[in-house]
*Asks:* 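Can you keep this structure in mind? I'll have questions shortly.
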Amino acid sequence: MSGPGNAPESAQAREVRLKAGLEAVFQAELSRTVTVSDLVVTSAGARRGNVLFTATESGGEGQRYCVTYLPTLDIELLPIPQEAALFRLAEAQGVPVPHVHFATEDPQWVGGPLFVSDCVAGETVPRRVLRKVAAEGTGETIAAQLGSAFAALHSIDPALAPPALARPEQSPVEDALARTDQQLRELLQPSPIFSYAQRWLENHAPPAGEGLAIVHGDVRNGNVIIDEQGLAAVLDWEVAKVGDPLEDLAWTCLRCWRFGEDDKEVGGFGARTPFVSAYEAGGGAFDLERFHWWKVLGTYRWGLGLAGQAAAHLDGRFSNIVMAMSGRRVGELEYDLLSLLKP
Amino acid sequence: MQDRPTAVELLDTLASYLEEEVGPELEGPLVYRTRVALNLLSVVRRELSDEAALPREAARLAALLHTAVPEGSPRLALEALNAQLAERLRRGGDPAFDEAAWPVLMAGAREKLAVLRPGYDDYDSAGERLGGAS
């Protein structure tokens, strides 16, 4: 992002700069002389960029890649080289992720750290994903593939996690409750339903002492690539941490990620049974009560997140119409919470 | 009393303008944001159309809390009751009160959805607690 007073960089100027930086970094990292072309910006978040491009060696055939980069040296959630290391760790364990070719923290190429991975073909836009899945009949397969992917990820010894990955301060459950309690206090207006949920979660907190795992933290439609065979890759690992594996399973099953396919609990793709069966077949341990607790926590957490977006809009930290309307989506999460907590 | 168009009719006019005149000229991220803008207008329109919503909710909360609806504007009265209820539910320790509160909270949640997203409450997640949906 450009600072105050700077004119924002035009899309064209950015493309020229990225192309030159990518050609130079291919030379530096891989000793390959390539021409970079056909850049496509897939996500232009405020902080991170994801750009697909073709790299062609003289006389060779072009190959598609993806560069994930930070446009500046601003603070990262998870440093890019460590995110790349996590991709490699997950890939070695059989989690479908794009293969990483190299990572660098050197800001001279594109302004900040970057890593280059394979470009995985498929669909990522949630509603288009669900149309494709319906047309190809792959929903139940994807539910099972997600269960297998989680089993593979959660089987990794968390001691191998990159050092910058967040680790629990007390326990995943206590940390989550402390965070939501803080957010509850910061709401612009009191929410009796959220207060009810916080109290319920405290009263029903599952016991500590269960195994920790590397958790992705945000596996849902929108963060996965889906092709004709189903799940092709899991993306966006920047909120990964060491935590409770059931937190990962539950987050994928929240109603807010089903995009209208409400009766398909696993991300709008399929039912819970193939998901859990595949998880257990891959060595994962499922626990219904813990799963339910994390679903309530996740629903509550996303409701608080939406309220936080509205607050950021109103106090001017991040103002736009989408953030404003997030405040008017909180009611959906309140309703889902109450449904999950029906006495 | 203002002249026509009424506030609701003005919002409808703005929605038609965005949809029919502005929409076809747009591409890229503006298409999505304009859809959000149209949704925003429909939310405000439904909210303006139900003037009795605030006093109705205030009466429900006052009954649950065994208190009178505070004097003053319906909005301020509801804010005071809401804060009192939130504080009591946060404190906890009274399962009978929690049980009595749930249907009141649900009635309020459904009324909010009638403004925010009609039909969202056709689905009920309660069945997911055991075997999972479907």
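Quick caveat: nothing in here was measured; it's all calculated off a predicted structure.
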*Asks:* If we only count heavy atoms from C-beta on, is the B/Asp124 to A/Lys342 side-chain gap below 4.5 Å?
*Replies:* yes

*Asks:* Quick check for you: to the nearest 0.5 Å, what is the distance between B/Ser125 atom OG and A/Lys295 atom NZ?
*Replies:* 6.5 Å

*Asks:* If we define contacts as heavy-atom pairs under 4.5 Å, which of A/Asp181, A/Ile321, A/Val296, A/Val330 has the most with chain B?
*Replies:*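 Looking at each of A/Asp181, A/Ile321, A/Val296, A/Val330 in turn, A/Ile321 comes out on top.
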
*Asks:* Mind checking salt bridge (charged side-chain N to carboxylate O under 4.0 Å, His left out) for A/Glu123 and listing every partner two or more places apart, or none if nothing turns up?
*Replies:* A/Arg128

*Asks:* Mark yes or no for whether B/Arg129, through its side chain, and A/Leu341, through its backbone, hold a donor-acceptor pair below 3.5 Å.
*Replies:* no

*Asks:* Under 4.0 Å between a side-chain nitrogen and a carboxylate oxygen: does that hold for B/Asp94 and A/Arg199?
*Replies:* no

*Asks:* Is it the side chain or the backbone of A/Leu184 that comes within 4.5 Å of chain B heavy atoms, both, or neither?
*Replies:*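 Only the side chain of A/Leu184 comes within 4.5 Å of chain B.
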
*Asks:* Keeping the roles fixed (side chain from B/Trp102, backbone from A/Leu338), state whether a donor-acceptor pair exists under 3.5 Å.
*Replies:*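 It does hold such a pair.
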
*Asks:* Is there a side-chain contact between A/Asn320 and B/Arg33 (heavy atoms, below 4.5 Å)?
*Replies:* yes

*Asks:* In this structure, which one of B/Arg117, B/Glu47, B/Lys112 forms a side chain to side chain contact (heavy atoms under 4.5 Å, CB included) with A/Arg328?
*Replies:* B/Glu47

*Asks:* Among B/Leu105, B/Asn39, B/Val36, B/Val43, who wins on heavy-atom pairs under 4.5 Å with chain A?
*Replies:*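 Going by pairs under 4.5 Å, I would pick B/Leu105.
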
*Asks:* What's the spacing between A/Cys253 SG and B/Glu128 CD if we round to 0.5 Å?
*Replies:*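 That separation rounds to 8.5 Å.
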
*Asks:* Report yes if some heavy atom in the side chain of A/Glu332 is under 4.5 Å from a heavy atom in the side chain of B/Leu116; otherwise report no.
*Replies:* no

*Asks:* Can you establish whether the number of heavy atoms outside B/Arg75 located under 6.0 Å from its atom CZ is more than 12?
*Replies:* no

*Asks:* What is the minimum heavy-atom distance between B/Tyr32 and A/Val322, and which atoms define it?
*Replies:* CE2-CG2, 3.8 Å

*Asks:* Atom CZ of B/Arg90 and atom CZ of A/Arg185: how far apart are they, to the nearest 0.5 Å?
*Replies:*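 Rounded to the nearest 0.5 Å, the CZ-CZ separation comes to 6.5 Å.
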
*Asks:* Between A/Tyr335 and B/Met106, is any pair of side-chain heavy atoms under 4.5 Å apart?
*Replies:* yes

*Asks:* Chain B: which of A/Arg255, A/His292, A/Arg329 shares the most heavy-atom pairs with it under 4.5 Å?
*Replies:* A/Arg255

*Asks:* As an exercise: rank A/Gly331, A/Ala197, A/Ala324 by heavy-atom pairs under 4.5 Å with chain B and give me the winner.
*Replies:*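 Ranked by contacts with chain B, first place is A/Gly331.
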
*Asks:* Where on B/Leu113 is there a heavy atom nearer than 4.5 Å to chain A: the side chain, the backbone, both, or neither?
*Replies:*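 The side chain, not the backbone.
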
*Asks:* Less than 4.5 Å to any heavy atom of chain B: does that hold for the side chain of A/Glu202, its backbone, both, or neither?
*Replies:* side chain

*Asks:* Between A/Glu334 and B/Arg110, is the closest basic N to carboxylate O distance under 4.0 Å?
*Replies:* no

*Asks:* Any idea which of B/Asn82, B/Leu85, B/Leu61 has the most non-hydrogen atom pairs under 4.5 angstrom with chain A?
*Replies:*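 With the most close heavy-atom pairs to chain A, the winner is B/Asn82.
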
*Asks:* First locate atom OG of A/Ser339, then atom CG of B/Asp121, and finally report the distance between them rounded to the nearest 0.5 Å.
*Replies:* 8.5 Å

*Asks:* Mark yes when over 12 heavy atoms from residues, nucleotides or ligands other than A/Glu280 sit less than 6.0 Å from its CD; otherwise mark no.
*Replies:* yes

*Asks:* For the residue pair B/Tyr123 and A/Asp336, confirm or rule out a side-chain donor-acceptor distance under 3.5 Å.
*Replies:* no

